[in-house]
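Below is a structure I'd like to ask you about.
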Amino acid sequence: MAGTQKLLTITTSGPGLYEFTDQTARFVVDAGIQTGLLTAFVRHTSCSLVVQENADPDVRRDLEAFFRRLVPAADDPSMDYLVHRFEGADDMPAHIKSALTLVSISIPVCGGRLGLGTWQGIYLFEHRNLPHRREVLLHLA
């Protein structure tokens, strides 16, 4: 089955959730496919993708705080077992956070629109401290 693809670039300014629902919804509408499946895949190993509430910013703040607590920086005494530290104290913890979440998500397309719930948004979850340009590949079939 043929499909269509688009590469999104998402610029981050540090850790956090960066919503890209609108760009994805535009891609789906422009594709003109009424029924299908959208796959979003992030082409990096130190960030991830999540579908999360987009109404109350406290949800995003709490999620970010939870992951900071769950996987602290490599210079935290509780993380002294980590070996991979070449790119800084946030590098290996970012890989761990990415492994705990997803690098690919699938969303149904119904009636030419994303099949998301009322308060759901699509986010890139940046796990590194410095700004990055992240690539998310969208595929719709």
Side-chain angles (χ1 to χ4, degrees), residues 1-31 33-141:
M1 169 185 251
T4 185
Q5 294 182 343
K6 180 174 184 162
L7 186 64
L8 297 179
T9 300
I10 300 170
T11 302
T12 68
S13 58
L17 290 140
Y18 297 83
E19 187 171 10
F20 63 100
T21 310
D22 289 345
Q23 299 97 306
T24 306
R26 243 179 275 118
F27 165 69
V28 169
V29 169
D30 291 349
I33 295 174
Q34 292 300 301
T35 303
L37 187 65
L38 173 86
T39 301
F41 175 79
V42 65
R43 298 172 59 169
H44 306 278
T45 60
S46 56
C47 63
S48 55
L49 300 176
V50 296
V51 172
Q52 196 48 253
E53 178 177 326
N54 64 1
D56 185 350
D58 286 343
V59 171
R60 293 184 296 280
R61 279 192 286 274
D62 288 348
L63 189 59
E64 292 165 23
F66 171 77
F67 272 91
R68 277 193 309 274
R69 188 173 179 182
L70 181 67
V71 186
D75 55 6
D76 184 282
S78 68
M79 302 297 275
D80 66 355
Y81 62 92
L82 294 178
V83 176
H84 180 74
R85 297 167 182 260
F86 181 71
E87 295 180 44
D90 68 326
D91 187 29
M92 189 60 213
H95 292 297
I96 294 169
K97 292 172 187 175
S98 179
L100 292 172
T101 51
L102 301 170
V103 296
S104 177
I105 56 174
S106 297
I107 300 167
V109 172
C110 312
R113 304 217 179 273
L114 290 171
L116 293 171
T118 303
W119 307 115
Q120 289 183 314
I122 309 166
Y123 292 88
L124 179 124
F125 197 173
E126 178 63 69
H127 304 305
R128 297 297 307 269
N129 292 335
L130 294 176
H132 284 82
R133 289 175 50 85
R134 302 301 197 169
E135 293 182 344
V136 176
L137 182 60
L138 302 178
H139 178 84
L140 179 57

Leu38 versus Phe27: any side-chain heavy-atom pair under 4.5 Å? yes
Could you walk me through whether Arg43 and Leu7 pass the side chain to side chain contact (heavy atoms under 4.5 Å, CB included) test, one step at a time? CA-CA 10 Å; Arg43 298 172 59 169; Leu7 186 64; 3.9 Å; yes
Between Thr39 and Ser106 (side chain of the first, backbone of the second, donor and acceptor by atom type, cut-off under 3.5 Å), is there such a pair? no
Check whether any side-chain N or O of His95 sits under 3.5 Å from a backbone N or O of Thr45 as a donor-acceptor pair, and report yes or no.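 Side chain of His95 to backbone of Thr45, a donor-acceptor pair under 3.5 Å: yes, one is there.
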Apply side chain to side chain contact (heavy atoms under 4.5 Å, CB included) to the pair Tyr123 and Asn54, showing each step before the final yes or no. CA-CA 9 Å; Tyr123 292 88; Asn54 64 1; 3.0 Å; yes
Kindly list each side-chain donor-acceptor pair under 3.5 angstrom involving residues 79-87, sequence neighbours excluded, with atom names and distances?
{"residue": "His84", "atom": "NE2", "partner": "Asp91", "partner atom": "OD2", "Å": "2.5"}
{"residue": "Arg85", "atom": "NE", "partner": "Leu82", "partner atom": "O", "Å": "2.9"}
{"residue": "Arg85", "atom": "NH1", "partner": "Ala74", "partner atom": "O", "Å": "2.9"}
{"residue": "Arg85", "atom": "NH2", "partner": "Ala74", "partner atom": "O", "Å": "3.3"}
{"residue": "Arg85", "atom": "NH2", "partner": "Met79", "partner atom": "O", "Å": "3.1"}
{"residue": "Arg85", "atom": "NH2", "partner": "Leu82", "partner atom": "O", "Å": "3.4"}
{"residue": "Glu87", "atom": "OE1", "partner": "Arg128", "partner atom": "NH1", "Å": "3.3"}

Check Val42 against Ser48 and note the closest heavy-atom contact, atom names and distance. CG1-CA, 4.2 Å
Heavy-atom pair of closest approach, residues Pro15 and Asn129: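 Closest approach of Pro15 to Asn129: CG-OD1, 3.4 Å.
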Straight-line distance of Tyr18 OH to Ile10 CD1, nearest 0.5 Å: 10.5 Å
Could you give the distance from OG1 (Thr21) to CG (Leu114), rounded to the nearest 0.5 Å?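 With rounding to 0.5 Å, OG1 (Thr21) is 8.0 Å from CG (Leu114).
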Judged by atom type as modelled, is there a donor-acceptor pair below 3.5 Å linking the side chain of Glu126 to the main-chain atoms of Ser13? no
Which heavy atom of His139 sits nearest to which heavy atom of Ala141, and what is that distance?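 Minimum heavy-atom contact is NE2-CB, 3.8 Å.
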Listed partners of Ser46 passing side-chain hydrogen bond (donor to acceptor under 3.5 Å, both in side chains), at least two apart: Arg134
State the CZ-NZ distance between Phe66 and Lys97, to the nearest 0.5 angstrom.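 Reported value, rounded in 0.5 Å steps: 11.0 Å.
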State, yes or no, whether a side-chain contact exists between Ser104 and Leu49 at a heavy-atom distance under 4.5 Å. no
Taking all non-hydrogen atoms of both residues into account, name the closest pair between Val103 and Ser98 and its distance. CG1-OG, 3.7 Å
Take Val28 and Arg113, measure what side chain to side chain contact (heavy atoms under 4.5 Å, CB included) needs, and give me the verdict at the end. CA-CA 6 Å; Val28 169; Arg113 304 217 179 273; 5.6 Å; no
With a 4.5 Å heavy-atom cut-off, do Val136 and Ile122 have their side chains touching?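 Side-chain contact under 4.5 Å: no.
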Side chain to side chain, His127 and Thr101, heavy atoms closer than 4.5 Å: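 They are in contact (side-chain heavy atoms under 4.5 Å apart), so the answer is yes.
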Could you please spell out the steps behind the side chain to side chain contact (heavy atoms under 4.5 Å, CB included) verdict for Asp90 and Leu130? CA-CA 9 Å; Asp90 68 326; Leu130 294 176; 5.8 Å; no
Heavy-atom check, side chain of Ile96 versus side chain of Leu70, under 4.5 Å: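 No, side chains not in contact.
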Ile105 CD1 to Thr24 OG1 distance, which is reported to the nearest 0.5 Å: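 Here the interatomic distance stands at 7.5 Å.
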Can you tell me how far the CD atom of Glu64 sits from the CZ atom of Arg61, to the nearest 0.5 Å? 8.5 Å
Would you indicate whether the side-chain heavy atoms of Pro131 and Thr11 approach each other to under 4.5 Å? no
Could you grab the distance from atom CZ of Arg133 to atom OG1 of Thr9, nearest 0.5 Å is fine? 5.0 Å
State whether the side chain of Thr4 and the backbone N or O of Leu140 hold a donor-acceptor pair below 3.5 Å, judged by distance alone. no
